[in-house]
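To keep things clear, I will list the structure first and then write my remarks on it.
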Amino acid sequence: MSSRIDAYGFERPKDFDYTSYEEFYSRYLAVLVRRAMKWSKLLQRNNGVEKSLKVKRYIRKGIPNEHRALIWMIVSGAQAEMDLNPGYYHKLLEGEKNDRLVDAVLTDMNRTFPDNVQFRRTSNPCLQQALYNVLVAYGHHNKNVGYCQGMNFITGYLILITRDEEKSFWLLDALINRILPDYYSPEMMGLKTDQEVLGELVRMKIPAVADLMDKLGVMWTLVVSRWFICLFIDILPVETVLRIWDCLFYEGSKILFRVALTLIKQQQARILEAKNFPDVCDKFKEIIKGPFVMECHTFMQKIFGEPGSLSMKTINKLRETCSARLA
């Protein structure tokens, strides 16, 4: 593959900063080699990955790509579900199909990663078929959710990493059913709630930005909804997204708040320059670009330091308050 295309099949944008990337990657390569050796040792010693402080630490420092599918499956509970339901995925594929669901999925096929060579009809194998199968099967498995935009991108990433439809199906189920509460149901209540929760966390931790948003009358949903719906896909660089997902599968949805708060806090001065609503939108587009987000290893260290303590207890309390407000 030429350097215009990354390791996952994505074409690099025309303004891609190759110099910064080469500098970063030559440093990151040493980290990857070191982590790969540590993971190999861990997996040799212990076939199953038990939840422990050591495993949590290892995951925060990044799962090597060759072990990603295995570790995501174990720590998310997807492997256990798949083992309990042998043949279930294939039964869904063979069963009756809902025409409206099929049409909705088909409509989004060509819109899913047009910049990725592996999803083009001309590529061999073309991942569009796997994407279609997983989304249609999932829509029949979880009728309350069916199909919702955003799920295509998430499933696409799962397929790129696992190279396996059935595993992608069970990982999607882990995300939608357990990790992201009510993000993709028709009312998207969980998604709306979590955007409000982020607003409250910003008020607690970065009050100057919260005051600006209030003063200019900007609703959080207008600037961060895609961060949550797409779990940072197409927002942050691929490698950074995968490192975020490593932690998301192990530690749950609070990781999304850590990432969002770090982006906002790191670029607070830039955001505070905004004078009006269009300015705010522009600033939020700027804060997701540049070396800070590309250098995934230091970025991940930052998300666990920068926002300070953030317990699930705090988040759940805020979720209760915010969802009551939205009801």
Q | Residue pair Tyr184 / Asn142, side-chain donor-acceptor N/O under 3.5 Å | A | no
Q: Among Lys317, Lys205, Arg319, Arg325, find the residue that satisfies the salt bridge (Lys or Arg N to Asp or Glu O under 4.0 Å) test when tested with Glu200.
A: Arg325
Q) Within a strict 4.5 Å, meaning less than it, do heavy atoms of the Met188 and Tyr183 side chains meet? A) no
(Q) Please check: side-chain N/O of Thr240 versus main-chain N/O of Val293, any donor-acceptor pairing under 3.5 Å? (A) yes
Q.
I'd like to know if the side chain of Ser26 and the backbone of Glu23 have a donor-acceptor N/O pair within less than 3.5 Å.
A. yes
Q. Among Phe169, Tyr89, Tyr147, which residue meets the ring-ring contact (aromatic ring centres under 6.0 Å, His included) test with His141?
A. Phe169
Q. Side chain of Arg120, backbone of Pro114: donor and acceptor closer than 3.5 Å?
A. yes
**Q.** Nearest heavy atoms of His140 and Leu101, plus distance in Å
**A.** CE1-CD2, 3.2 Å
Q: Using only heavy-atom distances, determine whether the side chains of Glu320 and Asn316 contain a donor-acceptor pair under 3.5 Å.
A: no
Q. Is it the case that Trp170 and Asn85 place a side-chain donor and acceptor less than 3.5 Å from each other?
A. no
Q.
Is there a side-chain contact between Tyr21 and Asp6 in this structure, where contact means two heavy atoms from C-beta onward sitting under 4.5 Å apart?
A. no
Q) If you look only at pairs with a residue in residues 157-179, which of them pass as a salt bridge (Lys or Arg N to Asp or Glu O under 4.0 Å), with sequence neighbours excluded? A) none
**Q.** Donor-acceptor contact below 3.5 Å, side chain Lys265 vs main chain Leu263
**A.** no
Q: Please say whether the positively charged group of Arg4, taken as NZ for Lys or CZ for Arg, lies over the ring of Phe16, i.e. under 6.0 angstrom from the six-membered ring centre and within 45 degrees of the axis.
A: no
(Q) Among Val55, Ile59, Ile63, Leu70, which residue satisfies the side-chain contact (heavy atoms from CB on, under 4.5 Å) criterion with Val49? (A) Val55
(Q) Students often mix this up, so state it plainly: with edges at 30° and 60°, are the rings of Tyr25 and Tyr28 parallel, tilted or perpendicular? (A) perpendicular
Q | Hphob cluster co-occupancy, Phe249 + Leu53, side-chain heavy atoms under 4.5 angstrom | A | no
Q | Nearest heavy atoms of Asn144 and Ser185, plus distance in Å | A | ND2-CB, 4.3 Å
Which atom pairs, one a donor and one an acceptor, fall under 3.5 Å between side chains of residues 216-239 and the rest of the protein, sequence neighbours left out?
residue: Thr221; atom: OG1; partner: Gln195; partner atom: OE1; Å: 2.6
residue: Ser225; atom: OG; partner: Thr221; partner atom: O; Å: 3.2
residue: Glu239; atom: OE1; partner: Tyr8; partner atom: OH; Å: 2.7

Q) If we only count heavy atoms from C-beta on, is the Ile71 to Tyr58 side-chain gap below 4.5 Å? A) no
Q: Check the pair Arg27 / Glu295 against salt bridge (Lys or Arg N to Asp or Glu O under 4.0 Å), numbers first and verdict last.
A: CA-CA 10 Å; Arg27 290 193 307 274; Glu295 305 206 359; 3.1 Å; yes
Q) Can you find a pair of side-chain heavy atoms, one from Phe24 and one from Asp17, that are under 4.5 Å apart? A) no
Q) Looking at Ser253 and Leu248, what are the two nearest heavy atoms and their distance? A) CA-CD1, 3.9 Å
Q. Should the pair Lys61-Asp246 be classified as a salt bridge under the 4.0 Å nitrogen-to-oxygen rule?
A. no
Q | Side-chain donor-acceptor contact under 3.5 Å, Arg243 with His297 | A | yes
Q.
What I'd like to find out is whether the side chain of Phe304 reaches to under 4.5 Å of the side chain of Cys247, using heavy atoms alone.
A. yes
Q) Is the shortest heavy-atom distance from the side chain of Leu242 to the side chain of Arg68 under 4.5 Å? A) yes
(Q) So Leu310 and Leu261, do their side chains get closer than 4.5 Å, heavy atoms only? (A) yes
(Q) Assigning hydrophobic clusters by single linkage (Ile, Leu, Val, Met, Phe, Trp, Tyr; side-chain heavy-atom cutoff under 4.5 Å), is Ile161 placed with Tyr132? (A) yes
(Q) Which heavy atom of Met151 sits nearest to which heavy atom of Gly146, and what is that distance? (A) CE-O, 3.6 Å
Q: Please confirm whether Tyr157 and Phe113 have ring centers closer than 6.0 angstrom.
A: yes
Q: Treating Ile, Leu, Val, Met, Phe, Trp and Tyr as nodes and any side-chain heavy-atom pair under 4.5 angstrom as an edge, say whether Met312 and Val259 lie in one connected cluster.
A: yes
Q. Would you say Asp279's side chain and Phe277's backbone share a donor-acceptor pair under 3.5 angstrom?
A. no
Q | Nearest atoms (heavy-atom pairs only) where Pro307 meets Lys302 | A | CD-O, 3.7 Å
Q) Linking I/L/V/M/F/W/Y whenever any side-chain heavy atoms sit under 4.5 Å apart, do Leu84 and Met82 land together? A) no
Q. Is there a donor-acceptor contact under 3.5 Å from the side chain of Gln128 to the main chain of Phe119?
A. yes
Q | Validation row: Asn116, Glu11 side chains within 4.5 angstrom (heavy atoms) | A | no
(Q) Quick check: is Phe257 connected to Ile206 through a chain of hydrophobic side chains (ILVMFWY, heavy atoms under 4.5 Å apart)? (A) yes
Q) If every non-hydrogen atom of Gln268 is compared with every non-hydrogen atom of Val209, which pair is closest and at what distance? A) CG-CG2, 3.9 Å
(Q) Between Thr107 and Asp103 (side chain of the first, backbone of the second, donor and acceptor by atom type, cut-off under 3.5 Å), is there such a pair? (A) yes
Q.
For Glu251, run the salt bridge (Lys or Arg N to Asp or Glu O under 4.0 Å) check against Arg60, Arg258, Lys51 and tell me which one passes.
A. Arg60
